[in-house]
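What follows is a set of notes on a single structure, which appears directly below.
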Amino acid sequence: ARFQKSMKMSRAAITKVVPREGQESVWDYPRPPQVQFCDNMRIRIIFNGVKIADTVAAYRVLETSHPPGYYLPLKDIQQQYLEKTTNTSFCEWKGEANYYSLNVNGKVAQQVGWYYRNPTPRFACIKDHVSFYAGPMDACYVNDHLVIPQPGRFYGGWITPDIVGPFKGGPNSWGW
């Protein structure tokens, strides 16, 4: 009961940012999440000075209170820099995730990309796609907007000027 009360207090403290024209609020995103093809979006990732990904064929996953997570097709990623790991995690919506580390010219970032070998039917389109944490990268871009990583250590959303929150992952957001 104490936990439930604390959760309710946490939810009551949420002050949603009202989106301006051309912006999206993460509070208008659905739950359960949905996947959406990124029309007219170019996604780029730079790590250790090397462009490891560049695509106009990404998908994004939209979920209430989270900035979008972007899934890039393997064919548009410099796969020679990916190293499979043995770690897995489980998403109630997408299924079991597997992880990649990056090794670019001797600089290594552990478990910074994840993918679903056998995603659930609702997310079948992200098979053979990889999502990356923005924080360890030199830079991630959606079109020409430099991405800000979603707060917290667990979540992989990408914040751009056209996305408003508040975002899950920050202080006191665990119960959202």
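All residue numbers in this chain count up from 1 along the given sequence.
When each of Tyr100, Tyr133, Tyr70 is checked for a ring pair (Phe, Tyr, Trp, His ring centres under 6.0 Å) with Trp114, only Tyr133 meets the rule.
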**Asked** Under the side-chain contact (heavy atoms from CB on, under 4.5 Å) criterion, do Asn48 and Leu102 qualify, and how do the steps go?
**Response** CA-CA 10 Å; Asn48 199 23; Leu102 275 176; over 6 Å; no
**Asked** Taking it one step at a time, do Thr160 and Val147 satisfy side-chain contact (heavy atoms from CB on, under 4.5 Å)?
**Response** CA-CA 5 Å; Thr160 55; Val147 167; 4.1 Å; yes
**Message:** Please evaluate residues Gln36 and Leu62 with respect to the criterion side-chain contact (heavy atoms from CB on, under 4.5 Å), reporting the C-alpha separation (whole Å), side-chain torsions for both, the decisive distance (0.1 Å), and the verdict.
**Reply:** CA-CA 8 Å; Gln36 180 182 79; Leu62 307 176; 3.8 Å; yes
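Few gaps surround NZ on Lys127; more than 12 heavy atoms of other groups in view lie less than 6.0 Å from it.
Tyr141 and Trp158 share no donor-acceptor pair across their side chains, judged by distance under 3.5 Å alone.
How far CG of Asp144 is from CZ of Arg44: 5.5 Å, rounded to the nearest 0.5 Å. Once rounded to the nearest 0.5 Å, the distance linking CD of Gln80 with CG of Asn103 reads 11.0 Å. Once rounded to the nearest 0.5 Å, the distance linking CG of Asn87 with OH of Tyr99 reads 8.0 Å.
Every pair passing salt bridge (charged side-chain N to carboxylate O under 4.0 Å, His left out) that includes a residue from residues 80-104 is listed here, sequence neighbours excluded: Arg31-Glu92.
When side chains are defined from C-beta on, Ser25 does not count as touching Val17, because their heavy atoms never get closer than 4.5 Å. The closest side-chain heavy-atom distance from Phe123 to Tyr71 is not below 4.5 Å.
Every residue meeting the salt bridge (charged side-chain N to carboxylate O under 4.0 Å, His left out) condition with Glu24, not counting sequence neighbours, appears here in chain and number order: Arg60. With sequence neighbours excluded, no residue forms a salt bridge (charged side-chain N to carboxylate O under 4.0 Å, His left out) with Asp28.
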